[in-house]
Amino acid sequence: MATIEDISSGNFVFDGAEGSDCESFIIAIRRLAFVQMRDADTWWMLNYATSRLRGRALRWHAELDATTRKEWDLFVRALFEAYPPPNGVKPKPSGPPELEIVFRGIDGNECEDFVAAIRQYALAQRKEGDNYWMLQYATTRLKGKALRWHAELDPVIRKDWDLFVRALFKEYPFVPEEREENRIPVSLGKLHLPEKIGLIHCLRERVPLRALVVKIK
């Protein structure tokens, strides 16, 4: 993963070797473009990205069709297709948790927190009325599933903050909190041992209580 210093200096490459993180590479390109105020210049991002390819990735690029090599969006999609995320492998953190705004595409709760954080940060930067700035900044904070989801979005949606937010909320729907009437109030004293064990398991593993069928005799 490129560090802040690497991004600001452009000192990062993608070699396509086994275990290479193409998502981090695309994130670094987008963040560098944002810092240099070139976030709308997809031609620049495309050409800069190709200048940072090495080894297998460089040879992979040489075999791409001409259309894909000339368009940023197609290049990103082709890169993600050629280098899928490892199955069941989660990258180990190299240091303390990131204290920054990121969206990985976990669920609707994370999605709502992300949009709220972008708006709060825009307010702090006096950019609250600049939808284009918020949109471009938000796209630099996508990771994992969310980054790959964004690559498949309609170009019109990727260029409009309001449409982008709506697409986010559609892809990551609202997660309703468990309502009081759906909870099952029970007294442990009225349960047999197997039922007590089942209830304790639900509480310990945070399984919704409605998933536990309790028969009180």
Side-chain angles (χ1 to χ4, degrees), residues 1-2 4 7 21-35 39-40 42 45 72-73 76-77 80 84-184 202-212:
M1 177 70 181
I4 294 175
I7 293 173
D21 189 352
C22 73
E23 295 175 8
S24 294
F25 177 66
I26 294 300
I27 291 170
I29 294 292
R30 285 179 171 166
R31 292 186 181 180
L32 178 63
F34 185 79
V35 169
D39 41 273
T42 55
M45 288 193 287
W72 169 250
D73 293 335
V76 172
R77 291 176 188 174
F80 286 161
N87 292 327
V89 178
K90 295 183 179 179
K92 296 180 180 180
S94 56
E98 288 183 293
L99 298 177
E100 59 177 14
I101 302 172
V102 295
F103 178 59
R104 294 180 172 82
I106 297 174
D107 59 21
N109 288 332
E110 187 204 19
C111 179
E112 293 165 16
D113 291 343
F114 174 68
V115 172
I118 292 293
R119 287 176 171 162
Q120 290 175 1
Y121 184 64
L123 185 65
Q125 297 293 317
R126 298 184 178 181
K127 295 283 189 178
E128 66 276 8
D130 191 342
N131 285 354
Y132 182 78
W133 184 92
M134 288 193 289
L135 174 65
Q136 296 301 318
Y137 182 75
T139 58
T140 70
R141 316 315 297 177
L142 301 177
K143 292 186 177 182
K145 289 183 180 179
L147 183 65
R148 292 172 180 269
W149 164 80
H150 181 266
E152 299 297 328
L153 275 181
D154 185 285
V156 174
I157 296 176
R158 290 202 305 267
K159 295 177 182 178
D160 187 290
W161 167 249
D162 292 332
L163 295 180
F164 171 71
V165 172
R166 291 174 189 170
L168 270 176
F169 288 160
K170 182 177 181 180
E171 181 70 16
Y172 301 96
F174 177 72
V175 180
E177 295 183 2
E178 187 177 8
R179 301 179 63 180
E180 289 293 333
E181 56 265 31
N182 290 332
R183 296 179 182 175
I184 306 175
C202 281
L203 295 174
R204 183 175 296 168
E205 300 298 326
R206 295 184 178 181
V207 177
L209 289 180
R210 60 177 175 274
L212 176 65

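For Arg166, there are no salt bridge (Lys or Arg N to Asp or Glu O under 4.0 Å) partners at least two apart in sequence or on another chain. Asp160 is linked by a salt bridge (Lys or Arg N to Asp or Glu O under 4.0 Å) to nothing, counting only residues two or more places apart in sequence or in another chain.
In this structure, the side chains of Phe80 and Val76 come closer than 4.5 Å at one or more pairs of heavy atoms. Residues Lys127 and Tyr121 form no side-chain contact, since every pair of their non-hydrogen atoms from C-beta on lies 4.5 Å or further apart. For the pair Gln120 and Leu123, the minimum side-chain heavy-atom distance is 4.5 Å or more.
Of all the heavy atoms in Ala146 and Gly105, the pair that sits closest is CB-N, 3.7 Å. Ala117 and Ile101 get closest at one heavy-atom pair: O-CD1, 3.7 Å. Nearest approach of Val175 to Gly108, heavy atoms of both residues: CG2-N, 3.9 Å. The two residues Trp161 and Ile118 make their nearest non-hydrogen contact at CH2-CG2, 3.7 Å.
Taking CZ of Arg141 as the start and CZ of Phe103 as the end, the distance is 14.0 Å to the nearest 0.5 Å. Interatomic distance, CD1 of Ile26 versus CH2 of Trp72, reported as 4.0 Å (0.5 Å rounding). Within the model, atoms CG of Asp39 and OG1 of Thr140 stand 9.0 Å from one another, a figure rounded to the nearest 0.5 Å. Atom CD1 of Ile27 is separated from atom CG of Leu32 by 13.5 Å, given to the nearest 0.5 angstrom. Within the model, atoms CG of Leu142 and CZ of Phe114 stand 5.0 Å from one another, a figure rounded to the nearest 0.5 Å. Once rounded to the nearest 0.5 Å, the distance linking CG of Leu153 with CZ of Arg158 reads 6.5 Å.
Looking at Glu110, its side chain does come within 3.5 Å of a backbone N or O of Arg104 through a donor-acceptor pair.
Using bins of under 30°, 30° to 60° and over 60° for the plane-to-plane angle, the ring pair Tyr137/Trp133 lands in the parallel bin.
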Side chain to side chain contact (heavy atoms under 4.5 Å, CB included) between Tyr172 and Glu112, intermediate numbers included: CA-CA 9 Å; Tyr172 301 96; Glu112 293 165 16; over 6 Å; no
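Among the candidates Arg148, Lys143, Arg30, the single residue satisfying the salt bridge (Lys or Arg N to Asp or Glu O under 4.0 Å) test with Glu23 is Arg148.
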